[in-house]
Protein chains: 2
Amino acid sequence: MSNESPQIISLKGFLTFQILHELTKAKLCGDELADIIGSKKGSKLTPGTIYPALKFLRKKKLVKHKKIGRKKIYTITEKGTKECEIVRKNFLKIFKTVLKTSKK
Amino acid sequence: MSNESPQIISLKGFLTFQILHELTKAKLCGDELADIIGSKKGSKLTPGTIYPALKFLRKKKLVKHKKIGRKKIYTITEKGTKECEIVRKNFLKIFKTVLKTSKK
DNA sequence: TCCAATATATAGTGTATACAATATATATAT
DNA sequence: ATATATATATTGTATACACTATATATTGGA
């Protein structure tokens, strides 16, 4: 009866890095980030996931926002851009071989 | 003044995936895995990190081992191989764009 | 004006890392 | 044979994510 555990190993992690990465490409509000990042993993991120992460990034001054209507449009700061580059470098160092292993 | 806070965003995560990935390339004992995975992030994984992770993978029958002297040589199982391929596919879906952004 | 939809936010919980400290077993060198 | 180094393992603590559930604020339309 559907003992279909979809996947044993979870891919939970690196959310703040993903947010910063998306903000290097576009200005987005929380809800849009929840859509974009969620679509890559199969389901939209819930408010309880995205907003605490944005709060953390704001506190660390890696992102800032401007209120437009009821939305808060987020932008990456200069500090955030630097941070994102450093983290990306470390990320690649760790996962380089995982990525190269291209399945035919 | 070295305000060199090394990195604000952590890259904690995906350890079991990393272990499985390494075991698709070679048979290794726990200590060797701690070395290899640790070297990619800058410091060797401690016993308190690597052994619980191996215990989890054993319980899930994604890896098996053979005792050789004081070492336990780990091998990925068929189930583990399948799992690793699924997880890799999802991993790439999530982080594809991160990786493409190659810094010159 | 007031209601529904949108967007944001917090509280509480659980899991997976990750560390230090400690313990135990085995192998190797002397 | 015994001391030292190696390898495995557990305990306790801490943190980052991510979820569900609930709450708040704001906007735009009826």
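Both backbone and side-chain heavy atoms feed into the values below; hydrogens, waters and symmetry mates do not. This is a predicted model, so every value here is computed, not measured. Lettering follows sequence order; numbering is per chain, from 1.
Taken residue by residue, residues 52-65 of chain A places heavy atoms nearer than 4.0 Å to DNA chain C at A/P52, A/K55, A/R58. Of all the residues in residues 29-39 of chain B, B/C29, B/G30, B/D31 reach under 4.0 Å from DNA chain D with at least one non-hydrogen atom.
The separation between A/I9 atom CD1 and C/dA16 atom P is 10 Å, rounded to whole Å. In this structure, the CG atom of A/L45 is 11 Å from the P atom of D/dT20, given to the nearest Å. Separating the CZ atom of B/F14 from the P atom of D/dC17 is a distance of 10 Å, rounded to the nearest angstrom. Separating the NZ atom of B/K40 from the C1' atom of C/dA18 is a distance of 18 Å, rounded to the nearest angstrom. For the pair B/K12 NZ and D/dC17 C1', the computed distance is 9 Å after rounding to whole Å. Atom-to-atom, CD1 of A/I50 to P of D/dT20 comes out at 15 Å; the value is rounded to the nearest Å.
In terms of modelled atom types and a separation under 3.5 Å, the side chain of A/K96 and the main chain of A/V98 share no donor-acceptor contact. Judged by distance alone, with hydrogens and angles left aside, the side-chain atoms of A/T81 form a donor-acceptor pair with the main-chain N or O of A/T77 at under 3.5 Å. Formation of a donor-acceptor pair under 3.5 Å by the A/E83 side chain with backbone atoms of B/I8 is found in this model. With hydrogens and angles ignored, the 3.5 Å screen pairs no side-chain donor or acceptor of B/E85 with any backbone N or O of B/K82. In this structure, B/T49 contributes its side chain and B/L45 its backbone to no donor-acceptor pair below 3.5 Å.
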Reading nucleotides 22-30 of chain C from 5' to 3' and marking B where a protein heavy atom lies under 4.0 Å of the base, S where only the sugar-phosphate is that close, and - otherwise, the string is ----BB---
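One cannot find a donor-acceptor pair under 3.5 Å joining the base of D/dT8 and the side-chain atoms of B/K71.
Ion pairing between B/E22 and B/K25 holds under the 4.0 Å rule for side-chain N and carboxylate O.
A continuous path of Ile, Leu, Val, Met, Phe, Trp and Tyr side chains, each step under 4.5 Å between heavy atoms, connects A/L92 with A/F17, placing both in one hydrophobic cluster. Hydrophobic cluster membership differs between B/I76 and B/I73, with clusters built from Ile, Leu, Val, Met, Phe, Trp and Tyr side chains linked at under 4.5 angstrom.
For D/dC19, one of the phosphate oxygens OP1 or OP2 lies less than 4.0 angstrom from a side-chain nitrogen or oxygen of A/K41. Taking 4.0 angstrom as the limit, A/T49 places none of its side-chain polar atoms (N or O) nearer than this to OP1 or OP2 of D/dC17. Between B/S10 and C/dT17 there is no side-chain polar atom (N or O) within less than 4.0 angstrom of OP1 or OP2.
When the salt bridge (charged side-chain N to carboxylate O under 4.0 Å, His left out) test is applied to B/K44, the partners found at least two apart in sequence or on another chain are B/D31, B/D35.
When each of B/Q18 and A/Y51 is assigned the nucleotide of DNA chain C with its nearest heavy atom, A/Y51 is the one assigned upstream, toward the 5' end.
Ring orientation note: the planes of B/F91 and A/F91 are close to parallel, at an angle under 30° on the 30°/60° scale.
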Once pairs are restricted to Watson-Crick or G-U wobble with both distances under 3.5 Å, how does DNA chain C read as a dot-bracket string, [ ] for crossings and | for other-strand pairs? ||||||||||||||||||||||||||||||
In sequence, state the C-alpha distance, the side-chain angles, and the governing distance for A/V87 and A/L20, and then conclude on side chain to side chain contact (heavy atoms under 4.5 Å, CB included). CA-CA 10 Å; A/V87 175; A/L20 273 196; over 6 Å; no
Evaluate the side chain to side chain contact (heavy atoms under 4.5 Å, CB included) criterion for residues B/H21 and B/T24: first the C-alpha distance (whole Å), next the side-chain angles of each, then the deciding distance (0.1 Å), finally the verdict. CA-CA 5 Å; B/H21 173 68; B/T24 63; 4.2 Å; yes
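In the displayed structure, A/K27 atom NZ is contacted under 6.0 Å by at most 12 heavy atoms of other residues, nucleotides or ligands.
Sorted by first and then second residue, the side chain to side chain donor-acceptor pair (under 3.5 Å) pairs involving residues 54-73 of chain A (not counting sequence neighbours) are A/R58-A/Y74.
Looking at heavy-atom distances under 4.0 Å, B/F17 makes no contact with the nucleic acid at all.
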